[in-house]
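Taking it in order: structure first as structure tokens, then the write-up.
Since this is a predicted model, take the numbers as computed values, not measurements. Quick note: residue numbers are just sequence positions, from 1.
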Amino acid sequence: MPTSPSPTTVPEARARIDEINERVVELLAERQAIVDALCELKADADRTVRDPEREAELLAHVRAVADEAGLPPTLAETLFEEILAHSVERQRRQRADGAAGPSAEESAAEEPADKATGAVSTCGAQA
């Protein structure tokens, strides 16, 4: 990934950080839109969401990418655990609002509760 030259002043460094923060937020919004679409696809296919194997795969991948980029893998993993937890809650609400897919009882029987909220997810966790 190409990088720009190092900033030479504090205002320049802060401006670059602000630009990066905006890009991160834009990418998170794009990811959220894809997770919403995935929720719909899974509901249409009558599939539950939680896929522990996929989630572990995703976290291992972001750890590896972080390591290659010189970022602490634990930082990347922690950030993505939070992103996944948000996706779980958002998609749980989306599924409940749409009353699509498996019933809450079916989902509870198949999927573990979200450790942060105790909520049972039926949409988008592994996105």
Side-chain angles (χ1 to χ4, degrees):
M1 174 178 273
T3 60
S4 335
S6 294
T8 57
T9 66
V10 169
E12 183 182 326
R14 288 180 175 162
R16 297 241 329 262
I17 287 170
D18 290 345
E19 290 170 10
I20 292 166
N21 291 345
E22 288 175 16
R23 290 191 341 237
V24 168
V25 170
E26 290 167 358
L27 288 169
L28 286 170
E30 181 180 348
R31 185 187 191 285
Q32 181 174 279
I34 293 168
V35 168
D36 288 349
L38 177 62
C39 181
E40 296 285 328
L41 293 168
K42 290 195 146 208
D44 290 346
D46 200 29
R47 291 180 61 183
T48 58
V49 170
R50 299 299 306 258
D51 183 344
E53 186 176 308
R54 167 64 178 144
E55 292 173 21
E57 199 176 272
L58 180 149
L59 292 173
H61 179 71
V62 298
R63 284 180 64 86
V65 170
D67 191 44
E68 289 174 19
L71 187 69
T74 55
L75 173 61
E77 182 175 33
T78 299
L79 290 170
F80 274 86
E81 286 173 338
E82 185 64 29
I83 291 167
L84 286 172
H86 177 268
S87 292
V88 166
E89 179 59 23
R90 179 180 175 83
Q91 299 313 308
R92 184 191 63 77
R93 285 191 316 267
Q94 181 180 347
R95 183 66 69 93
D97 290 347
S103 70
E105 293 80 20
E106 290 169 323
S107 296
E110 293 180 357
E111 299 183 21
D114 176 4
K115 65 183 175 186
T117 65
V120 175
S121 168
T122 57
C123 260
Q126 77 273 18

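Here CG of Leu79 is found 9.5 Å from OG1 of Thr74. Values are rounded to the nearest 0.5 Å. Note that CG of Leu38 is 13.0 Å distant from CD of Gln32, once rounded to the nearest 0.5 Å. In this structure, the separation between CD on Glu55 and CZ on Phe80 is 13.5 Å, given to the nearest 0.5 Å.
In terms of the side-chain hydrogen bond (donor to acceptor under 3.5 Å, both in side chains) criterion, Ser6 has no residue partners (sequence neighbours excluded).
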(message) Quick one, His86 with Glu89, criterion side chain to side chain contact (heavy atoms under 4.5 Å, CB included). Give me CA distance, side-chain angles, the key distance, then yes/no.
(response) CA-CA 5 Å; His86 177 268; Glu89 179 59 23; 6.0 Å; no
(request) Evaluate the side chain to side chain contact (heavy atoms under 4.5 Å, CB included) criterion for residues Lys42 and Gln91: first the C-alpha distance (whole Å), next the side-chain angles of each, then the deciding distance (0.1 Å), finally the verdict. (result) CA-CA 11 Å; Lys42 290 195 146 208; Gln91 299 313 308; over 6 Å; no
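A chain of hydrophobic side-chain contacts below 4.5 Å, direct or via other Ile, Leu, Val, Met, Phe, Trp or Tyr residues, connects Ile20 to Val62. Leu41 and Val35 are members of different hydrophobic clusters when ILVMFWY side chains are connected at heavy-atom separations under 4.5 Å.
Of all heavy-atom pairs between Pro7 and Glu12, the closest is CA-OE2, 3.1 Å. For the residue pair Pro5 and Arg16, the shortest heavy atom distance occurs at O-NH1, 2.6 Å. Contact record, Ala66 with Pro73: CB-CA, 4.1 Å, taken as the closest heavy-atom pair.
Members clustered with Ile17: none, using a 4.5 Å side-chain heavy-atom cutoff among hydrophobic residues.
Shown are Leu28, Val88, Leu58; of these, the side-chain contact (heavy atoms from CB on, under 4.5 Å) with Ile83 is made only by Leu28. Here the rule is salt bridge (Lys or Arg N to Asp or Glu O under 4.0 Å) with Asp36, and of Arg90, Arg95, Arg93 only Arg90 fits it.
Residue pairs meeting the salt bridge (charged side-chain N to carboxylate O under 4.0 Å, His left out) criterion with at least one member in residues 62-76, sequence neighbours excluded, are Arg63-Glu77.
With a 4.5 Å cut-off on side-chain heavy atoms, Leu71 and Val65 do not count as touching.
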